[in-house]
Protein chains: 2
Amino acid sequence: MLREERHRYILNEVKIRNRVLLTDIAQQLAVSEDTVRRDLQQLNERGKLKKVHGGAVANSFHVYTYREDQIYAHEHKIEIATKAIQLLKDGGVLVMGGGTTNLEVARLLPEHLHLTVFTPSLPIAMQLIAHENIETIFVGGRLSHDAQIALGGETIKTFSHVKADYCFMGTGNLDATQGLTEFDWEVVQLKKAMIETAQQVVVLTISEKINSAQRFNVCPVTEIHVLVTELDLYDPRLTEFSAKGLNVL
Amino acid sequence: MLREERHRYILNEVKIRNRVLLTDIAQQLAVSEDTVRRDLQQLNERGKLKKVHGGAVANSFHVYTYREDQIYAHEHKIEIATKAIQLLKDGGVLVMGGGTTNLEVARLLPEHLHLTVFTPSLPIAMQLIAHENIETIFVGGRLSHDAQIALGGETIKTFSHVKADYCFMGTGNLDATQGLTEFDWEVVQLKKAMIETAQQVVVLTISEKINSAQRFNVCPVTEIHVLVTELDLYDPRLTEFSAKGLNVL
DNA sequence: AAAAAATATGTAAAATCGTGCACAAAACCG
DNA sequence: CGGTTTTGTGCACGATTTTACATATTTTTT
């Protein structure tokens with residue numbers, strides 16, 4: 001196990017759970033506690049997390065990147081992407097957010113499908129131009145170093161002129177009462193604008209992010225139309241959402 | 001086993017697994033670890049992956065494209081890029097076109113240099129966000145499938161609001177009498193708009209494209225301020241340009 | 001205050017790295 | 001074609017890094 005892998009694993013855990021225990025990680029990664037301790041020290045020095053007695057917590061000043069989680073739950077993401085693609089109709093207009101799950105969607109889009117896609121995400125745009133029948137419009141703006149997406153006023157303004165059939169929202173935390181939440185204020189603004197564009201708001205998320213919340217609110221659950229996860233349809237974690245009228249896949 | 005084969009194998013492994021162990025590869029390819037180490041070093045220098053202790057991990061900034069192997073005249077491009085970078089001043093505003101030479105510029109930009117860069121090129125934007133001190137603004141629009149850049153009216157309109165110190169123009173054909181030419185009408189429109197933004201127009205081109213012309217005219221030689229090539233300063237192919245007042249590097 | 005947990009520090013073994021060098025293969029050149 | 005240069009590869013060796021364990025110290029909990 002490379003140090004880099006451990007670091008990514010730890011950061012991902014911190015990002016999802018907001019805190020980690022040193023002993024847990026040592027066990028999960030099958031390395032000594034000393035090694036984990038050193039890892040946490042290094043990540044602490046780089047400002048990626050805040051080391052505390054017994055483990056570490058999220059650093060409130062650090063924006064957690066969307067690429068640190070690219071290795072994890074990859075199987076699930078493929079599954080989610082596959083389900084989500086089935087919602088799309090030929091000739092439709094789609095707005096895609098960032099995140100690795102949406103990247104998977106972009107990769108798995110069938111070649112024959114004709115679509116017009118608006119996206120502020122660099123990796124997703126890169127992936128989309130491989131498809132001949134997809135017209136990709138990159139919604140430009142100032143690029144965020146970590147998230148690899150365009151942010152800021154210009155980007156949001158551009159979205160306000162778009163009318164789309166679907167909006168595929170990627171990463172973010174989803175809670176039945178709090179709704180969709182984010183840790184980065186600028187991303188919140190962008191997501192709000194994207195949701196506005198679309199008739200159908202589709203949230204793609206792995207179960208880990210369900211029933212957890214971040215600092216800022218993007219929208220209530222009622223504004224979401226479809227929820228796509230890797231879970232079974234009758235999983236108890238989903239009942240609250242389907243009760244609120246969401247179409248759960 | 002050719003080096004090229006090993007490189008491909010390694011990159012493919014990285015792409016699939018997101019990480020590789022040096023010892024594994026040495027075994028799988030039946031070569032010494034030293035050789036693999038050197039391979040990883042080279043791939044690291046080219047920005048294709050990130051070398052770490054014990055192996056390598058995927059470089060999240062690298063775009064794994066299909067037309068990967070434009071390594072043609074790669075040495076020259078590095079040389080040109082290095083020269084061109086010396087023109088830049090800290091705190092400046094730069095407009096970058098597409099092309100592999102500009103991609104090289106983006107890759108080789110020194111970490112300490114503070115810049116604001118406007119570009120319509122996806123791969124270049126992808127490369128630029130790796131630099132902490134560079135603010136990248138992607139000028140969005142409809143993406144061209146083959147050129148991997150944004151084209152069309154919106155893109156051009158956005159550039160009309162930009163005032164830059166430099167404009168780095170990449171690929172294109174340059175002739176002493178015809179000036180800068182292109183074969184794609186839409187690219188011509190875009191390049192014109194980009195030239196308009198900048199006080200200094202810098203053309204980066206390998207010698208092969210000098211004294212050849214395409215169908216459409218972008219601008220006369222007189223609108224170009226600096227010409228950067230891999231050639232010696234006193235090469236006969238350049239005299240015509242320096243005679244017309246171009247600063248030749 | 002004592003017990004438990006977590007941390008800091010030192011050390012030794014193992015893995016990995018960098019460098020110089022020899023040798024072979026390939027490319028170059030007259 | 002033969003000789004030279006260049007390039008790539010493997011090996012040896014010392015230097016460095018990484019890791020796990022042992023032990024002492026600090027912090028937290030009871």
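Here is the naming used below: chain letters follow the sequence lines, and residue numbers restart at 1 for every chain. The figures here come from the full heavy-atom set of this structure, side chains too, leaving out hydrogens, waters and symmetry mates.
Rounded to a whole Å, the NE2 atom of A:His53 is 5 Å from the P atom of C:dT7. Atom CD of A:Gln41 and atom P of D:dT17 are 16 Å apart (whole Å). Rounded to whole Å, atom C1' of D:dT19 lies 16 Å from atom CD of A:Glu5. Distance, B:Glu33 CD to C:dT19 C1': 16 Å, rounded to whole Å. Rounded to a whole Å, the CD1 atom of A:Ile25 is 14 Å from the P atom of D:dT19. Atom P of nucleotide D:dG10 and atom CG of B:Leu22 are separated by 12 Å, given to the nearest angstrom. In this structure, CG of B:Leu40 is placed 12 Å from C1' of C:dC17, rounded to the nearest angstrom. One can place CZ of B:Arg3 at 14 Å from P of C:dA26, the figure rounded to the nearest angstrom.
Over its length, the helix from C:dA1-D:dT30 to C:dG30-D:dC1 turns its helix axis by 40°, as judged from the five terminal pairs at each end, rounded to 10°.
For B:Asp34 against C:dC17, a side-chain-to-base donor-acceptor contact under 3.5 Å is absent. Between the side chain of A:Arg38 and the base of D:dA20 there is at least one donor-acceptor pair of N/O atoms closer than 3.5 Å.
Using a 4.0 Å heavy-atom distance criterion, B:Arg37 is classed as a base contact. Looking at heavy-atom distances under 4.0 Å, A:Val36 makes no contact with the nucleic acid at all.
Using a 4.5 Å cut-off on side-chain heavy atoms (C-beta onward), B:Val36 and B:Arg6 make no contact.
In this structure a side-chain-to-backbone donor-acceptor pair under 3.5 Å is present from B:His145 to A:His131.
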* **salt bridge (Lys or Arg N to Asp or Glu O under 4.0 Å) assessment of B:Arg19 paired with A:Glu5** => CA-CA 8 Å; B:Arg19 62 130 218 201; A:Glu5 289 180 82; 2.5 Å; yes
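Between A:Arg6 and D:dT19 there is a side-chain N or O to OP1 or OP2 distance below 4.0 Å. Note on B:Thr35: every side-chain N or O is 4.0 Å or more away from OP1 and OP2 of D:dT9.
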